[in-house]
Amino acid sequence: MVAKRLSGVPASGTVALSNLVANLKLQGIDIISFSMGEPDFVTPENIIESCKESLDAGFTHYTPSAGIPELRKAVAAKAFSDNKIHCTAKNVLVTPCKHAIFMSSLAFLDPGDEVILPDPSWVSYEACIRLAGAKPIYIPTKVEDDFIVDPDLIEAAITPKTKMILLNSPSNPTGSVMPCNTIKRIAEIAIGRNLMVLSDEIYESIIYEGKHHSIAALPDMFDRTVTISGLSKTYAMTGWRLGWAIASENNIKELDKLQTHSISCCVSFTQPAAVEAITGPQAEKDAMVKEFKKRRDLAVDLITEIKGIDVNVPKGAFYLFPKYESKVKSEIFCTKMLEEAHVAVTPGSAFGPSGEGFFRMSYAASEEQIIEGLSRMKKFIENI
Ligand code: GLU
């Protein structure tokens with residue numbers, strides 16, 4: 001009875017693992033989870049207060065499908081000041097980040113189209129591309145290149161069917177941050193070959209070395225780019241499901257059309273709180289990034305002590321993507337680690353063919369958990 005478009009599309013590896021961990025914890029098993037990419041901090045108080053005020057004021061009904069005007073305006077102003085993207089409120093659609101990727105696939109891809117993306121890449125890109133009937137074309141990246149995609153390989157992979165290049169910097173799962181030159185070169189290719197770019201910048205604020213660059217800010221790129229970002233990671237607001245897409249007015253209209261037929265609009269009382277997040281005090285956000293950097297350094301130090309592990313130092317996001325020496329498939333490797341060491345990490349193969357032989361560790365966990373979890377991991381790996 002199930003539609004053909006769902007065949008060959010697995011459930012999200014990250015979400016499935018997090019469900020499994022929640023279940024094991026319910027059974028009283030002491031699991032240390034490095035599985036889910038979500039900050040362990042509580043959303044800053046000023047944002048929560050703003051949401052409570054909206055609820056108390058009865059702001060509990062539908063909003064305009066594209067989002068409340070104040071939030072669209074605030075996102076456009078932020079995009080201009082932080083990302084140098086020249087846009088107005090009309091270029092912004094307020095929508096959960098993952099939904100923005102899903103809708104962009106439906107709105108801009110036809111069956112048979114090809115989408116070029118770095119490998120490894122976050123689990124849901126391939127699924128969204130396939131659900132639109134299109135085909136992912138993976139460009140392998142390597143640990144020794146800090147997982148930076150080579151623009152020449154992108155160019156070589158272009159065929160008459162190529163419609164889009166999908167980028168994600170800082171990257172989930174590798175934490176790599178694309179240098180400005182790489183982004184410029186990819187922009188040249190997109191312009192020269194008349195391709196769209198979908199740029200997922202959800203980790204834009206979590207960068208430890210280097211700088212974030214938005215491809216839509218480059219000359220002649222705005223109209224062909226959909227830039228996606230949101231509040232989940234920056235302000236520890238994963239459960240709020242609030243983000244945005246920035247694109248040309250026409251493309252935003254098409255995405256909004258899909259929004260009207262899917263979720264209608266984002267949750268009303270969270271939207272004024274999102275304005276507060278973007279325009280209010282940023283000290284807590286900055287403190288979280290500092291804390292993530294400390295945890296990255298700790299996690300890298302501890303994991304490099306494990307024999308048979310090869311890891312690079314990621315410049316952004318909150319993931320390590322270590323390579324392990326054993327020939328065991330990453331899914332089996334991670335299942336065994338969960339069963340025997342009670343440590344949850346995501347198999348690298350969930351992120352694309354180049355992820356085989358790797359696993360993803362989210363270090364958005366407390367220092368105590370990182371120390372205990374990596375000590376368990378060391379015993380497990382060194383006993384294999
Ligand atoms: N993006 C996060 C992760 O990769 C949350 C789960 C998901 O949406 O995949 O862990």
Side-chain angles (χ1 to χ4, degrees), residues 13-14 17 32-37 117-123 138-150 153 168-179 182 203 206-210 292-365 367 369-384:
T14 48
L17 184 62
I32 300 226
S33 180
F34 301 130
S35 65
M36 200 62 161
L117 71 170
D119 176 22
S121 263
W122 177 54
V123 295
Y138 280 122
I139 307 296
T141 62
K142 298 193 207 116
V143 61
E144 52 273 29
D145 299 333
D146 276 342
F147 298 104
I148 302 294
V149 69
D150 179 347
L153 296 182
N168 170 224
S169 177
S171 149
N172 174 6
T174 66
S176 71
V177 174
M178 278 207 295
T182 307
Y203 296 96
I206 307 174
I207 294 200
Y208 317 114
E209 284 101 28
F292 284 138
K293 182 171 188 294
K294 262 173 64 191
R295 294 169 181 191
R296 178 201 65 172
D297 294 342
L298 174 69
V300 168
D301 281 353
L302 292 176
I303 209 161
T304 39
E305 282 172 16
I306 304 178
K307 280 192 216 98
I309 288 286
D310 181 13
V311 75
N312 67 322
V313 183
K315 295 189 166 67
F318 35 61
Y319 305 107
L320 300 185
F321 202 65
K323 185 172 175 46
Y324 57 88
E325 233 169 46
S326 151
K327 290 259 176 293
V328 177
K329 294 270 181 230
S330 61
E331 209 171 318
I332 297 171
F333 183 84
C334 295
T335 305
K336 275 187 175 299
M337 196 188 308
L338 182 59
E339 285 171 358
E340 292 172 23
H342 293 173
V343 173
V345 292
T346 313
S349 58
F351 302 94
S354 298
E356 190 49 270
F358 292 76
F359 61 89
R360 188 191 77 172
M361 170 186 168
S362 161
Y363 55 83
E367 283 190 16
Q369 282 176 319
I370 292 172
I371 293 168
E372 170 61 19
L374 286 176
S375 141
R376 292 185 194 181
M377 193 189 287
K378 185 170 163 51
K379 277 188 214 128
F380 167 77
I381 291 179
E382 294 183 353
N383 273 338
I384 293 180

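Not measured: the values here are computed from a predicted model.
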**Q.** Residue pair Thr174 / Pro314, side-chain heavy-atom distance below 4.5 Å
**A.** no

**Q.** Separation between OG of Ser33 and CG of Leu17, rounded to the nearest 0.5 Å
**A.** 6.5 Å

**Q.** Partners passing ring-ring contact (aromatic ring centres under 6.0 Å, His included) against Tyr138 (at least two apart in sequence or in another chain)
**A.** none

Q | Ile370 side, atom CD1; Ser375 side, atom OG - distance, nearest 0.5 Å | A | 13.0 Å

Q) Just how far is it from atom CD1 of Ile148 to atom OG of Ser169, taken to the nearest 0.5 Å? A) 7.0 Å

Q: Please examine the side chains of Ile207 and Pro170, heavy atoms only from C-beta on, and report whether any two atoms are closer than 4.5 Å.
A: yes

Q) Just wondering, are more than 12 heavy atoms of other shown residues or ligands nearer than 6.0 Å to CD in Glu356? A) yes

Q: State the CZ-CD1 distance between Arg376 and Ile32, to the nearest 0.5 angstrom.
A: 4.0 Å

Q | Donor-acceptor contact below 3.5 Å, side chain Ser354 vs main chain Pro140 | A | no

**Q.** Glu367 side chain to Arg295 backbone, donor-acceptor under 3.5 Å
**A.** no

Q.
How close do Leu374 and Ala299 get, counting heavy atoms only, and between which atoms?
A. CD1-O, 3.7 Å

Q. Please walk me through it: do Ile303 and Met377 pass side-chain contact (heavy atoms from CB on, under 4.5 Å)?
A. CA-CA 9 Å; Ile303 209 161; Met377 193 189 287; 4.1 Å; yes

Q. Which heavy atom in Val343 sits nearest to a heavy atom in Gly373, and how many Å separate them?
A. CG2-O, 3.6 Å

Q) Counting distance only, does the side-chain N/O of Ser362 pair as donor-acceptor with the main-chain N or O of Phe34 below 3.5 Å? A) no

Q) Under 3.5 Å, side chain of Arg360 to main-chain N/O of Ser35, donor-acceptor pair present? A) yes

Q) Do you know which of Phe351, Phe321, Tyr324 makes ring-ring contact (aromatic ring centres under 6.0 Å, His included) with Phe358? A) Phe321

Q. Which atoms form the tightest heavy-atom contact between Met178 and Val149, and what is the distance?
A. SD-CG1, 4.1 Å

Q) About how many Å separate CE of Met361 and CE of Met337, when rounded to the nearest 0.5 Å? A) 10.0 Å

Q. Does any non-hydrogen side-chain atom of Lys315 lie less than 4.5 Å from one of Tyr208?
A. no

**Q.** Atom pair CG/CD of Asp310 and Glu144 - distance to nearest 0.5 Å
**A.** 8.0 Å

Q.
Side chains of Thr14 and Thr346 only: does a donor on one sit below 3.5 Å from an acceptor on the other?
A. no

Q) Going by heavy atoms in the side chains, are Asp150 and Ile139 under 4.5 Å from each other? A) no

**Q.** Partners meeting ring-ring contact (aromatic ring centres under 6.0 Å, His included) with Tyr319 (sequence neighbours left out)
**A.** Tyr203

(Q) For the backbone of Tyr363 and the side chain of Arg296, can you confirm whether one donor and one acceptor N or O come within less than 3.5 Å of each other? (A) no

(Q) Restricting to non-hydrogen atoms, name the atom on Ile309 and the atom on Ile381 that form the minimum distance, rounded to 0.1 Å. (A) CD1-CD1, 3.7 Å

Q | Test item: Leu338 and Phe380 side chains (from C-beta on) under 4.5 Å apart, heavy atoms | A | no

Q) Can you find a pair of side-chain heavy atoms, one from Glu340 and one from Lys379, that are under 4.5 Å apart? A) no

(Q) I'd like to know if the side chain of Glu382 reaches the main chain of Lys307, judged simply by a donor and an acceptor atom lying under 3.5 Å from each other, with no hydrogens or angles considered. (A) yes

Q | Which atom of Ala350 lies closest to which atom of Val123, heavy atoms considered | A | O-CG1, 3.1 Å

